[in-house]
Amino acid sequence: MHATATGLALTGLDLHDSSSLADAVASVAAHVRRVPDGVVLGTGWDETGWPEGRGLTRADLDAVAGDRPVYLARVDVHSATVSTALLDLVPGIRSLPGFGEDGRLRLDAHHAARQAAYGAVSTVQRRAAQRATLAAAVELGIGSLHEMAGPEVSSAADLAELLEIAAEGPGPRLLGYWGELSERGGLALVQELGLAGAGGDLFCDGALGSHTAALAQPYSDRPDTAGALRFETASLVEHVRACTVAGIQAGFHCIGDAAVGQVLEAIGAVVDELGVAAVRACRHRLEHVEMAAPDVIARMHAWDVVASVQPAFDAAWGGAEGMYAARLGVERALACNPLADLADAGVALALGSDAPVTPMDPWGGVHAAVDHRTPASGLRPFDAFDAATHGGWYAVRAEHTAGPLAVGAPADLALWATGETLSQVLADRARPACRQLVVAGEPVDRG
């Protein structure tokens, strides 16, 4: 997840529930009236079901925000619509790949606009957002969070502040990742801050909804594009090599089959060079890995590569009639997020939300993993529960830190109000309320 962006959505403009273009514009207008100063940040809009048949444009935003800078991330956070005032904050943005004169930005233009927008957030606003995320996690019974930071989604200062706030405790434990290539100095911050790994949102491609995920074959609804790989394979090989030599976990954002294939090619090159034992010891990690063919899954198992997956993606966009089917065609769409294939092959799974892309909702994630929209692609209930609990610890190479409840073990636990057994909760798709969270033996104040 991404703590600051999640907190800004919790405390600011959340467009996930907008049912139409008009509804989204009205929400922006209401927010501008309610918060009269500063940059307007929002996230979560998804035009695929809107009756108007199009997404937001900067003309829509200028009409209600005037000269206020506005940045509204699409639900997948790999594209956004911005106002004219925000464009004016980024010199040269019109010459960057992915720029749209209508204010809809992708690729490099989007990254530049996002950095400008979040760079305009005050320290007070940022800290309030971070605290809001931690408080929300407590209410949901989440004892540990994996923060996926990086130069394109946050900043080193943002990550350092977040780690500091989380360490004040008691509260959810925060395990940080920094997604920047080793050739650009990314490992230095990992070592300086004692992070869990060098990855997370190290973007090898984009997202399916924005047509920026890198595919082996073009998009069905846009045959002129197959997305784009962000890096040369040699750079990924160097990153995996540097991490492996240093004993650091490498991680990559990869969604499309071309991106997933490129990352596995890079890991394979380091296996050939340094040996499989050295690579397995680092337990490198793939975020999302939505398109994974059998040969990819076999290599992930052989090299002990973790699949960090988000079942809510399938719940929101999967199936024969969802957004994935519109982008990829039904056959490719139904093969997305092959959770059962990954589990059956022995690939380690960790369930998450990628909040604010989808909300933090651990029980909802477990149920979505079981109720996969593609028949036979879902997890067995206890496998899903294990991937949402123990799987997260395995993903950060700390599975012995918080093991089964036993005398003398570190006490990380959540107490749930329910009259059902765990088996019944899983079978009934219940979402019991968390009544108490304990992290490292300390009860967490629920405010």
Side-chain angles (χ1 to χ4, degrees), residues 1 6 9-10 14 16-17 44 46 49 75-76 133 136-146 172 208-209 255 287-290 292 306-325 333-344 347-395 412-437:
M1 51 86 68
T6 298
L10 290 170
D14 187 344
H16 282 88
D17 293 332
D46 183 356
V75 65
D76 58 28
T133 296
V138 173
E139 291 297 313
L140 292 164
I142 299 172
S144 296
L145 299 166
H146 297 190
L208 294 169
I255 285 180
E287 302 300 324
H288 316 311
V289 62
E290 292 196 71
V306 174
S308 173
V309 297
Q310 295 71 39
F313 286 10
D314 174 74
W317 304 304
E321 298 179 353
M323 182 270 288
Y324 292 161
L334 295 180
C336 284
N337 297 292
L339 304 185
D341 290 345
L342 288 162
D344 290 346
V347 174
L349 289 170
L351 304 191
S353 65
D354 199 24
V357 176
T358 63
M360 291 188 294
D361 180 9
W363 284 111
V366 168
H367 301 329
V370 175
D371 297 327
H372 200 291
R373 289 183 178 273
T374 300
S377 287
L379 297 179
R380 293 176 288 270
F382 275 97
D383 288 343
F385 183 79
D386 184 70
T389 52
H390 182 260
W393 286 104
Y394 191 87
D412 278 49
L413 57 99
L415 305 180
W416 305 90
T418 175
E420 299 182 311
T421 65
L422 177 58
S423 295
Q424 291 170 326
V425 168
L426 294 172
D428 296 343
R429 310 300 191 261
R431 298 191 185 187
C434 180
R435 290 291 180 249
Q436 180 67 67
L437 179 65

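For the single chain, residues carry numbers from 1 onward in sequence order.
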Checklist outcome for this item: On a heavy-atom basis, the closest approach of Ala384 and Ala369 is CB-CB, 4.0 Å

Next on the checklist: Would Leu426 and Trp363 count as a side-chain contact (heavy atoms from CB on, under 4.5 Å) here? Give the steps.
Outcome noted: CA-CA 9 Å; Leu426 294 172; Trp363 284 111; 4.1 Å; yes

Next on the checklist: Nearest 0.5 angstrom please: Asp314 CG to Thr374 OG1, how far?
Outcome noted: 6.0 Å

Next on the checklist: Before you tell me yes or no, could you show the steps for Thr418 and Gln424 under side-chain contact (heavy atoms from CB on, under 4.5 Å), namely the whole-Å CA-CA distance, both residues' side-chain angles and the distance that decides it to 0.1 Å?
Outcome noted: CA-CA 10 Å; Thr418 175; Gln424 291 170 326; over 6 Å; no

Next on the checklist: Does the plane of the ring in Tyr324 sit parallel, tilted or perpendicular to the ring in Trp317? Use 30° and 60° as the thresholds.
Outcome noted: tilted

Item to check | Closest heavy-atom pair and its distance - Ala414, Gly141 | outcome: CB-O, 3.9 Å

Next on the checklist: Checking the side chain of Thr6 only, and the main-chain atoms of Thr133 only, is there a donor and an acceptor separated by less than 3.5 Å?
Outcome noted: no

Checklist entry - After noting the C-alpha distance and the side-chain angles of Asp344 and Arg380, does the key distance pass the salt bridge (Lys or Arg N to Asp or Glu O under 4.0 Å) rule? => result CA-CA 10 Å; Asp344 290 346; Arg380 293 176 288 270; 3.7 Å; yes

Item to check | side-chain contact (heavy atoms from CB on, under 4.5 Å) evaluation trace for Leu145 with Met360 | outcome: CA-CA 10 Å; Leu145 299 166; Met360 291 188 294; 4.3 Å; yes

Item to check | Pro432 versus Val425, closest heavy-atom pair with distance | outcome: CD-CG1, 4.0 Å

Next on the checklist: To the nearest 0.5 Å, what is the distance between CG on Leu334 and NE2 on His372?
Outcome noted: 9.0 Å

Item to check | Set of residues satisfying side-chain contact (heavy atoms from CB on, under 4.5 Å) with respect to Thr389, sequence neighbours excluded | outcome: Phe385

Checklist entry - In Å, rounded to the nearest 0.5 Å, how long is the span from CG of Leu437 to CG of Asp412? => result 8.0 Å

Next on the checklist: Assess the residue pair Gln310 and Val357 against the criterion (side-chain contact (heavy atoms from CB on, under 4.5 Å)); give the C-alpha distance rounded to whole Å, side-chain angles, the decisive distance to 0.1 Å, and a yes or no.
Outcome noted: CA-CA 10 Å; Gln310 295 71 39; Val357 176; over 6 Å; no

Next on the checklist: Please report the interatomic distance CD(Glu321) to CZ(Arg373), rounded to the nearest 0.5 Å.
Outcome noted: 9.5 Å

Next on the checklist: Which heavy atom of Ala388 sits nearest to which heavy atom of Val366, and what is that distance?
Outcome noted: CB-CG2, 3.6 Å

Next on the checklist: Measuring from atom CG of Leu379 to atom CG of Asp371, what distance do you get when rounded to the nearest 0.5 angstrom?
Outcome noted: 10.5 Å

Item to check | Pairwise distance CG(Asp76) to NE2(His288) - rounded to 0.5 angstrom | outcome: 10.0 Å

Item to check | Where Ser353 and Thr358 come nearest, the two heavy atoms and their spacing | outcome: O-OG1, 2.6 Å

Checklist outcome for this item: Residues pairing under salt bridge (charged side-chain N to carboxylate O under 4.0 Å, His left out) where one sits in residues 352-363, two or more places apart or in two chains, turn out to be Asp361-Arg431

Checklist entry - Can any side-chain N or O of Asp14 pair as donor or acceptor with the backbone N or O of His16 at less than 3.5 Å? => result yes

Please list, one pair per line, the donor and acceptor atoms closer than 3.5 Å that link side chains of residues 336-343 to other protein atoms, with sequence neighbours excluded.
| unit_1 | atom_1 | unit_2 | atom_2 | d |
| --- | --- | --- | --- | --- |
| Asn337 | ND2 | Glu290 | OE1 | 3.0 |

Checklist entry - Leu10 and Ala136: which non-hydrogen atoms are nearest, and at how many Å? => result CD1-CB, 3.9 Å

